[in-house]
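Owing to the predicted nature of the structure, the values given are computational and were not obtained by experimental measurement.
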Amino acid sequence: MEGKNQKMKYNDYEVGDFVTDELFVRWVKHADAESDFFWTKWLEETPDKSEKIQRARDIIQSFKYQ
């Protein structure tokens with residue numbers, strides 16, 4: 001998951017892209033050590049995306065799954 005191409009893919013993402021991205025959604029709903037490391041590192045490298053990430057996280061966490 002942590003390849004350079006994977007990280008670069010997210011650089012152009014908007015809120016809606018994060019909300020529909022399987023790896024991002026899995027991290028928000030069921031974070032593990034690997035995904036947490038990836039997203040924490042990515043956010044450190046792209047702090048300008050932190051507001052979009054937080055908005056996407058809020059949207060995902062507001063969903064109620066049955």
Passes side chain to side chain contact (heavy atoms under 4.5 Å, CB included), Phe24 versus Trp39? Steps please. CA-CA 8 Å; Phe24 182 78; Trp39 287 105; 3.7 Å; yes
Where do Leu23 and Tyr10 land on the side chain to side chain contact (heavy atoms under 4.5 Å, CB included) test, with the steps shown first? CA-CA 11 Å; Leu23 294 176; Tyr10 294 113; 3.8 Å; yes
CA sep, side-chain torsions, deciding dist, call: Val15, Ile59, side chain to side chain contact (heavy atoms under 4.5 Å, CB included): CA-CA 9 Å; Val15 173; Ile59 291 168; 3.8 Å; yes
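Glu22 meets the salt bridge (charged side-chain N to carboxylate O under 4.0 Å, His left out) test with Arg26; sequence neighbours excluded. Partners of Ser50 under the side chain to side chain contact (heavy atoms under 4.5 Å, CB included) rule, at least two apart in sequence or in another chain, are Leu43. Taking the salt bridge (charged side-chain N to carboxylate O under 4.0 Å, His left out) definition, one finds that Lys52 meets it with Glu14, sequence neighbours left out. Looking at residues two or more places apart in sequence or on another chain, you find no side chain to side chain donor-acceptor pair (under 3.5 Å) involving Asp17. With sequence neighbours left out, the side chain to side chain contact (heavy atoms under 4.5 Å, CB included) criterion links Glu44 to Thr40, Lys41.
Proximity of the aromatic rings of Trp27 and Phe18 is defined here by a centroid distance below 6.0 angstrom, and this criterion is not met.
Taking CG from Asp58 and CD1 from Ile53, the interatomic distance works out to 11.0 Å, rounded to the nearest 0.5 Å. In this structure, the separation between CG on Asn11 and CH2 on Trp42 is 6.0 Å, given to the nearest 0.5 Å.
For Ala31 against Ser35, the heavy-atom pair with the smallest separation is CA-OG, 3.7 Å.
Counting heavy atoms of neighbouring residues, nucleotides and ligands inside a 6.0 Å radius, atom CD of Glu51 does not exceed 12 of them.
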